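This one's a predicted model, so the numbers in the text were calculated from it and none came from an experiment.
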Amino acid sequence: MADKPSIPKGTRDFTPLEMARRMHIFDTIRTIFKIHGFLPIETPAMENLSSLMGKYGEEGDKLLFKILNSGDFKGKLTDRELTDTPAGRLGSMISEKGLRYDLTVPFARFVVQHRNEIIFPFKRYQIQPVWRADRPQRGRYREFYQCDVDVIGSNSLLNELELIQIIDEVFAALGLKVVIKLNNRKVLAGIVKMIGEPERMTDITVAIDKLEKIGMEKVKAELEQKGLKPEAIEKLEPVLKMMGTTEEKLDFLEKFLKGSETGLNGLAEVRKLFVYMEADLPGAAVEFDLTLARGLNYYTGSIFEVKSAEMEIGSICGGGRYDDLTGIFGLEGVSGVGISFGADRIYDVLLQLERFPERSELDTTLLFVNFGEQEVQHIIPILGRLRESGITSEIYPDQVKMKKQMNYANSRKIPYVALVGEQEVKDGVVTLKEMESGNQEQLTPAQLVEKLSPAK
RNA sequence: GUGGAUGUAGCUCAGUUUGGUUAGAGCGCUGGAUUGUGGUUCCAGAGGUCGCCGGUUCAAGCCCGGUCUUCCACCCCA
């Protein structure tokens with residue numbers, strides 16, 4: 001017997017109801033991207049593995065989905081290679097393509113490849129699925145959509161400001177309260193330099209990223225276990241204990257980072273960004289959060305992360321500045337900054353908080369009941385007129401019991417039903433029934449179009 | 001990748017402790033009461049290889065092993 005049909009772990013089908021909700025998210029995000037002057041691109045689902053490997057840290061390489069070479073990939077290997085090569089290395093011998101892990105690295109590749117056609121600074125948006133061979137959990141999928149906006153070819157902090165505004169506008173439009181966390185890799189680099197461990201930036205940032213979660217003692221224990229010098233940990237402690245307003249934190253770091261030019265530069269960037277924001281305050285809370293580190297290792301300046309203020313689900317948007325991502329594809333000295341909205345997590349938040357709009361654009365407005373061939377012939381041109389006026393309308397395709405047709409309208413949540421029987425045909429009218437109230441009225445086709453036309 | 005839970009009708013879940021004939025409920029679905037009027041009510045009905053594979057047993061939804069799914073923690077992240 002055939003197995004029950006199924007889909008791979010961590011992937012999902014979407015029903016019409018779910019699609020209506022997803023489109024609400026995508027449409028909202030896309031509208032805001034467009035109003036800021038960003039242009040769409042798309043890139044293939046698969047990239048050459050060489051474009052993907054090594055861009056996301058050690059962890060990221062493991063999470064890449066690799067695509068087996070087509071044809072006789074085995075025949076090209078000798079028996080010895082086949083039996084003696086460790087499984088990990090064998091992968092690269094039989095696979096040269098992989099599914100994209102995010103949209104930023106393919107974008108960098110795109111920019112390098114199309115550098116002569118692109119007008120810089122290039123503002124692009126991209127809404128496509130990405131794949132990660134992660135272990136699924138709530139809010140964590142193996143296939144999920146990212147909505148990326150990036151500006152490449154400009155060092156200006158105005159770009160960072162614009163991204164913050166976009167974040168603010170998107171979540172306001174979706175009706176979600178969020179906290180925008182802001183940090184700067186240069187500040188982190190300055191800190192690790194000042195405590196005398198400049199090479200250990202990754203270990204240190206990963207550890208302090210957990211401060212909120214596991215507490216000071218455990219963070220110190222982890223740092224010690226990672227082999228950090230006790231003096232360094234001691235020097236780091238006041239930074240971790242740093243409290244107060246953004247202004248106070250910045251002042252503290254100003255003193256702490258004396259002697260690290262990079263650190264002070266990063267600090268100046270953070271300050272400038274807050275000054276910019278004062279000109280038009282975001283509705284969302286923006287916090288300078290030193291514990292924000294982010295694992296992706298191509299970030300070099302500002303880093304962002306957005307969390308729901310109303311529910312625990314991990315970050316729903318994140319990003320940062322990368323000074324040399326195009327360098328690895330052969331184009332040096334081009335800085336970019338961008339963020340990525342996690343549509344699937346935003347969906348989960350909206351669903352749990354019940355913030356999806358009641359009706360969607362996908363919903364039908366009017367259903368004609370089917371009374372028979374004569375009546376159908378009369379209705380066909382009326383349907384045409386309604387649709388021309390932008391009114392989503394349909395006719396029940398089969399001449400079945402009225403109860404069944406009404407039930408269809410009911411379960412499809414269609415607010416209006418039109419009845420055109422023998423009498424209506426004779427009188428040249430339709431009987432329009434409003435389902436919720438049950439009220440009925442007789443209208444000419446012109447009046448019908450007028451009544452149901454979407455508000456201008 | 002490591003550790004821990006979970007899976008019974010379309011959906012939400014009982015039943016598993018102490019193995020024992022035809023596996024239940026609510027909601028939903030189909031038909032009727034009601035041949036041009038849905039939602040409410042009433043009546044009737046359909047729907048399950050108890051995730052899958054194997055083992056123990058006279059006998060397995062229930063016990064054992066494996067596997068897959070979903071979920072939780074770690075890791076990491078959108």
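Ring centroid separation for the pair F356(A) and Y347(A) comes in under the 6.0 Å cut-off. Between Y396(A) and Y408(A), the distance separating the two ring centers is shorter than 6.0 angstrom.
The salt bridge (charged side-chain N to carboxylate O under 4.0 Å, His left out) test with E222(A) is passed by exactly one of K226(A), K220(A), K218(A): K226(A). The one candidate from V178(A), I167(A), I180(A) that meets the side chain to side chain contact (heavy atoms under 4.5 Å, CB included) condition with C317(A) is I167(A).
Both the sub-6.0 Å distance and the 45° axial angle are satisfied by R22(A) relative to the ring of F14(A). Within the cation-pi definition used here (under 6.0 Å to the ring centroid, within 45° of the axis), R185(A) does not qualify as a partner of Y299(A).
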Listed pairs, N/O of protein and of nucleotides 5-13 of chain B, under 3.5 Å:
none

Grab the N/O contacts between the protein and nucleotides 66-68 of chain B below 3.5 Å, and write none if there aren't any.
none

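If you find the closest nucleotide of RNA chain B to V306(A) and to P136(A), the one lying nearer the 5' end belongs to P136(A). Of the residues near RNA chain B, I7(A) and R142(A), the one whose nearest nucleotide (by heavy atom distance) lies more toward the 5' end is I7(A).
Comparing C11(B) with G47(B), their C1' atoms sit 13 Å apart, to the nearest whole Å. Taking atom C1' in both C50(B) and U22(B), one finds a spacing of 15 Å when rounded to whole Å. Between G3(B) and C75(B), the two P atoms lie 16 Å apart (nearest whole Å). Across the P atoms, A23(B) and U49(B) are found 12 Å apart, a figure rounded to whole Å. Across the C1' atoms, G32(B) and A46(B) are found 14 Å apart, a figure rounded to whole Å. Spacing between A59(B) and G20(B) at atom P, rounded to whole Å, works out to 15 Å. To the nearest whole angstrom, the two P atoms, one in G10(B) and one in U34(B), are 32 Å apart. Nucleotides G66(B) and A73(B), compared at atom P, are 25 Å apart to the nearest Å.
The aromatic rings of F107(A) and F110(A) sit parallel, their planes meeting at an angle under 30°, below the 60° perpendicular limit.
Between R138(A) and U70(B) there is no side-chain polar atom (N or O) within less than 4.0 angstrom of OP1 or OP2. In terms of phosphate contacts, K404(A) brings a side-chain nitrogen or oxygen within less than 4.0 Å of OP1 or OP2 of G31(B).
Among the duplex regions that RNA chain B forms, those built from at least three successive Watson-Crick or G-U pairs under 3.5 Å are B:1-5 with B:70-74, B:10-13 with B:24-27, B:29-33 with B:41-45, B:51-55 with B:63-67, ordered by first number.
Here F341(A) does not count as stacked on A78(B), because the ring centres are not under 5.5 angstrom apart with planes under 30°.
Y408(A) comes within 4.0 angstrom of nothing in the nucleic acid, heavy atoms only. At a threshold of 4.0 angstrom between heavy atoms, the contacts of G319(A) with the nucleic acid are absent. Nucleic acid contact class of C317(A) (heavy atoms, under 4.0 Å, all strands): sugar-phosphate only. As judged by a 4.0 angstrom heavy-atom cut-off over every strand, G139(A) is placed among the base-contacting residues.
Contact annotation: side chain of R135(A) to base of U70(B), donor-acceptor pair absent below 3.5 Å. Under 3.5 Å, the side chain of R345(A) and the base of C77(B) form at least one donor-acceptor pair of N or O atoms. Side-chain N/O atoms of R132(A) and base N/O atoms of A78(B) include a donor-acceptor pair closer than 3.5 Å.
The interatomic distance linking K218(A) (NZ) with C75(B) (P) rounds to 10 Å, in whole Å. Atom CG in D348(A) sits roughly 11 Å away from atom C1' in A78(B) (whole-Å rounding). At whole-Å resolution of the value, CG in D203(A) and P in C76(B) are 10 Å apart. Between E59(A) atom CD and C77(B) atom P the separation is 8 Å, expressed in whole Å. As a whole-Å value, the separation of K181(A) NZ from A78(B) P is 15 Å. Rounded to whole angstrom, the span from the CD1 atom of I313(A) across to the C1' atom of C77(B) amounts to 12 Å. Between E312(A) atom CD and C71(B) atom P the separation is 17 Å, expressed in whole Å. For D344(A) and C77(B), the CG to C1' distance is 13 Å, given to the nearest whole Å.
Classification of E441(A) and K451(A) as a salt-bridged pair holds, one side-chain N sitting under 4.0 Å from a carboxylate O. At a threshold of 4.0 Å, the pair E287(A)-K307(A) does not count as salt-bridged, since none of the basic side-chain nitrogens sits closer than that to a carboxylate oxygen. At a threshold of 4.0 Å, the pair E358(A)-K413(A) does not count as salt-bridged, since none of the basic side-chain nitrogens sits closer than that to a carboxylate oxygen. In summary, E269(A) and K186(A) engage in a salt bridge, as defined by a charged side-chain N under 4.0 Å from a carboxylate O. By the 4.0 Å N-to-carboxylate-O rule, R140(A) lies close enough to D134(A) to be salt-bridged with it.
Pairs engaging residues 123-146 of chain A under the ring pair (Phe, Tyr, Trp, His ring centres under 6.0 Å) rule: F26(A)-Y145(A), F33(A)-Y125(A) [sequence neighbours left out]. Sorted by first and then second residue, the pairs that involve residues 155-182 of chain A and meet ring pair (Phe, Tyr, Trp, His ring centres under 6.0 Å), not counting sequence neighbours, are F171(A)-F341(A).
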Can you give one letter per nucleotide of nucleotides 33-40 of chain B, 5' to 3': B if a protein heavy atom sits under 4.0 Å from the base, S if only from the sugar-phosphate, - if neither?
---BBBB-

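Using a 3.5 Å distance cut-off with no hydrogens or angles, the side chains of R412(A) and T364(A) do pair a donor with an acceptor.
Taking a 6.0 Å sphere around CD1 of I35(A), one finds it holds 12 or fewer heavy atoms contributed by other residues, nucleotides or ligands.
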